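In listed order, ligands and their atoms are each counted from 1. Note that the structure is a prediction, hence the values are computed from the model and not measured.
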Amino acid sequence: MSIIVKDLVHIYNPKSPFESRALDGVNIEIKKGEFIGLIGHTGSGKSTLVQHLNGLLKPTSGKIIINDLDITGEGVSLTSIRKKVGLVFQYPEYQIFEETIYKDIAFGPSNLGMSEDEIHERIKESMEIVGLDFERLKDRSPFDLSGGQRRRVAIAGVIAMKPEVLILDEPTAGLDPKGRDDILAQIKQLHSKYGITIIIVSHSMEDMAKLADRLIVMNRGKAEIEGTPREV
Ligand code: ATP
Ligand code: MG
């Protein structure tokens with residue numbers, strides 16, 4: 001699944017005193033199966049860009065083409081985008097609201113119209129991938145978990161939807177070194193084992209230099225530098 005971002009502009013609160021040009025003409029091409037590290041200073045537009053890739057924001061101008069489909073075009077449903085592109089938000093711990101971990105992870109896949117059995121299998125599988133014990137944790141409340149575990153639940157919820165492109169917005173922020181290494185290793189495995197295209201937003205050049213095939217550096221709303229970790 002290839003992704004082409006063409007001249008993407010996003011202005012928050014246009015024509016108001018709070019107007020903010022978060023994306024200022026972004027051009028990017030990502031090939032199927034690539035592992036991309038998206039880095040850049042705070043406020044450079046990383047989260048805004050990944051929300052566009054998941055169809056959550058409407059561009060001021062420009063387009064995003066995923067496998068020949070213009071997802072910014074009229075009449076493209078959010079569900080059809082979500083089947084392809086999964087996004088784990090920057091602060092997923094604040095978005096967990098179901099009463100059990102099972103129901104929480106089921107939320108995404110149930111919206112894709114799968115059978116109960118299939119959802120069950122996917123929850124089991126995705127909890128295993130992120131290192132959560134299915135039997136022990138499925139009926140517990142997400143609120144009993146640590147921040148790192150809740151993050152894993154959020155990642156499992158997106159993995160359970162089996163996206164072809166998995167985007168994680170700062171998946172390791174606030175985790176201890178062990179939790180960080182675990183999660184990055186699991187993501188790396190998803191990439192190598194299933195060939196999923198991965199985009200990780202990160203502040204850590206060091207982590208991304210180790211993991212990514214290619215880095216894209218955002219600066220003031222533009223994708224400025226692209227290259228292998230060695231080149232950047
Ligand atoms: P960080 O590394 O801190 O997460 P980021 O690169 O993800 O930063 P964005 O969150 O995309 O940056 O923000 C880009 C710009 O858009 C910033 O100037 C920010 O203030 C502005 N912005 C982001 N979200 C909103 C919003 N919901 N309403 C108005 N302005 C916003
Ligand atoms: Mg951000």
Just by distance, do the side chain of Asp104 and the backbone of Glu98 share a donor-acceptor pair under 3.5 Å? yes
All side chain to side chain contact (heavy atoms under 4.5 Å, CB included) counterparts of Tyr12, not counting sequence neighbours: His10, Ser20, Ala22, Thr48, Leu57
Can a side-chain donor-acceptor contact be found between Ser202 and Asp207 if the only test is distance below 3.5 angstrom? no
Is atom 19 (C) of ligand 1 near the protein, in the sense that some protein heavy atom lies at less than 4.0 Å from it? no
Taking non-hydrogen atoms only, is His41 closer than 4.0 angstrom to ligand 1 via side chain, backbone, both or neither? backbone
Whether the side chain of Asp7 engages the backbone of Gly62 through a donor-acceptor N/O pair (distance < 3.5 Å, no angle test) should be reported. no
Chi angles and distances behind the salt bridge (charged side-chain N to carboxylate O under 4.0 Å, His left out) call for Lys138, Asp133: CA-CA 8 Å; Lys138 66 178 175 27; Asp133 186 328; over 6 Å; no
Go through ligand 1 atom by atom and flag the ones less than 4.0 Å from a non-hydrogen atom of His203. 2 (O)
Per-atom filter on ligand 1: closer than 4.0 angstrom to a heavy atom of Asn13 are 29 (C)
So Lys162 and Glu125, salt bridge (charged side-chain N to carboxylate O under 4.0 Å, His left out) or not? Walk me through it. CA-CA 11 Å; Lys162 295 226 167 128; Glu125 191 184 51; 3.6 Å; yes
Using a 3.5 Å distance criterion without hydrogens, assess whether the side chain of Arg214 forms a donor-acceptor pair with backbone atoms of Ile36. no
Any His10 heavy atom less than 4.0 Å from ligand 1: no
Looking at Lys124 and Glu128, does any basic side-chain N land under 4.0 Å from a carboxylate oxygen? no
Which of the ligand 1 atoms, numbered from 1, are nearer than 4.0 Å to a heavy atom of Ser44: 6 (O), 12 (O)
For atom 4 (O) of ligand 1, what's the nearest protein heavy-atom neighbour? Residue, atom name and distance, please. Gln90 NE2, 2.9 Å
Side chains of Lys6 and Asn27: closer than 4.5 Å at any heavy-atom pair? yes
So between Arg220, Gln51, Lys46, His52, whose heavy atom ends up nearest atom 2 (O) of ligand 1? Lys46
Below 4.0 Å, non-hydrogen atoms only: which portion of Leu49 touches ligand 1? Side chain, backbone, both or neither. neither
Where the side chain of Thr172 meets the backbone of Leu175, is there a donor-acceptor pair that is under 3.5 Å apart? no
Checking Thr72 against Asp70: is there a side-chain donor and acceptor pair closer than 3.5 Å? yes
Minimum-distance protein heavy atom relative to atom 9 (P) of ligand 1: Thr48 OG1, 3.6 Å
Tell me which protein heavy atom sits closest to atom 28 (N) of ligand 1, plus the residue, atom name and distance to 0.1 Å. Tyr12 CD2, 3.6 Å
Those atoms of ligand 1 less than 4.0 Å from some heavy atom in Glu170: 2 (O), 4 (O)
Tell me whether Ile183 is reachable from Leu190 by hopping between hydrophobic residues (I, L, V, M, F, W, Y) whose side-chain heavy atoms are closer than 4.5 Å. yes
Checking a contact table here: which protein heavy atom is nearest atom 10 (O) of ligand 1, and how many Å away? Ser47 CB, 3.7 Å
Within-2.8 Å protein N/O/S contacts of the Mg ion (ligand 2): Ser47 OG, Gln90 OE1
In the protein, what heavy atom is nearest to atom 8 (O) of ligand 1, and what distance, to one decimal place, separates them? Gly43 N, 2.8 Å
min-distance protein heavy atom vs atom 1 (P) of ligand 1 -> Thr42 OG1, 3.5 Å
Nearest protein heavy-atom contact for atom 21 (C) of ligand 1: which residue, which atom, what distance? Ser20 OG, 3.6 Å
Considering only NZ, NE, NH1 and NH2 on the basic side and carboxylate oxygens on the acidic side, decide whether Arg180 and Asp176 come within less than 4.0 Å. no
Say whether Leu8 and Ile65 are linked into one hydrophobic cluster, either directly or through other cluster members, by side-chain heavy-atom distances under 4.5 angstrom. no
Starting from atom 16 (O) of ligand 1, what is the nearest protein heavy atom, named by residue and atom, and what distance separates them? Ala22 CB, 3.3 Å
